Every structure is written in C-alpha cells, then in structure tokens.
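Worksheet: one structure, shown below.
Residue indices begin at 1 and follow the sequence shown. Since the structure is predicted, the reported quantities are computational estimates derived from the model, not experimental observations.
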Amino acid sequence: MSTQHQKWVDIVQKKLNEKGWNKSELAIVVGVTPAAITRVLKDGQGSDALKLEINRKLGITESWTSFKEGA
C-alpha cells in the first residue's frame with residue numbers, strides 16, 4: 001500500500017470513528033456493497049468516483065496533494 005493511500009485510509013477511519021459509522025454503514029450511505037468499501041480501503045481498488053463519494057459523505061476536504069509521498 002502506498003503512503004498516499006495509507007494516509008487517506010487513516011483519514012477515512014478517523015472520520016468513520018467521529019461519525020460512529022462502520023464500513024457497512026458507509027457502504028449504505030455511498031450506495032455500494034460493503035465488499036467494495038473493504039477493497040477500496042484495503043487495496044485501493046475502486047474508481048476515483050467512489051473515492052470522491054466517500055470523501056463527500058465523510059466530509060474529507062483535504063486535497064489529494066496532501067497525501068503525496070513524503071508530504
């Protein structure tokens with residue numbers, strides 16, 4: 001897993017904890033299966049649209065440039 005992806009996953013996990021949601025609840029809100037959420041968080045497998053929707057639903061406003069290697 002890239003450092004960029006790990007930073008994003010860490011922020012997603014933090015936001016889930018703040019909202020008191022689990023991955024299944026995020027899947028319902030985003031409109032995908034829980035397996036799709038697991039794949040995107042574990043392996044980064046998922047479309048940019050899915051990642052953007054996760055960001056929107058969780059209120060993640062950090063720019064992708066914040067997640068670049070060494071940042």
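Put simply, NZ on K57 and CD1 on I28 are 12.5 Å apart, with the number rounded to the nearest 0.5 Å. Note that CD1 of I37 and CG of L16 are 8.5 Å apart. Values are rounded to the nearest 0.5 Å. Here the CD1 atom belonging to I54 is positioned 8.0 Å from the CD1 atom belonging to I60, to the nearest 0.5 angstrom.
Nearest heavy-atom pair, W8 versus N55, reported as atom, atom and distance to 0.1 Å: NE1-OD1, 2.8 Å.
Judged by distance alone, with hydrogens and angles left aside, the side-chain atoms of H5 form a donor-acceptor pair with the main-chain N or O of V40 at under 3.5 Å.
Within the structure, side chain to side chain donor-acceptor pair (under 3.5 Å) pairs that include any residue of residues 9-23 comprise Q6-D10 (at least two apart or interchain).
At most 12 heavy atoms of other shown residues, nucleotides or ligands fall within 6.0 angstrom of atom CG in D48.
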Show your reasoning for whether side-chain contact (heavy atoms from CB on, under 4.5 Å) applies to I11 and L58. CA-CA 9 Å; I11 291 171; L58 293 176; over 6 Å; no

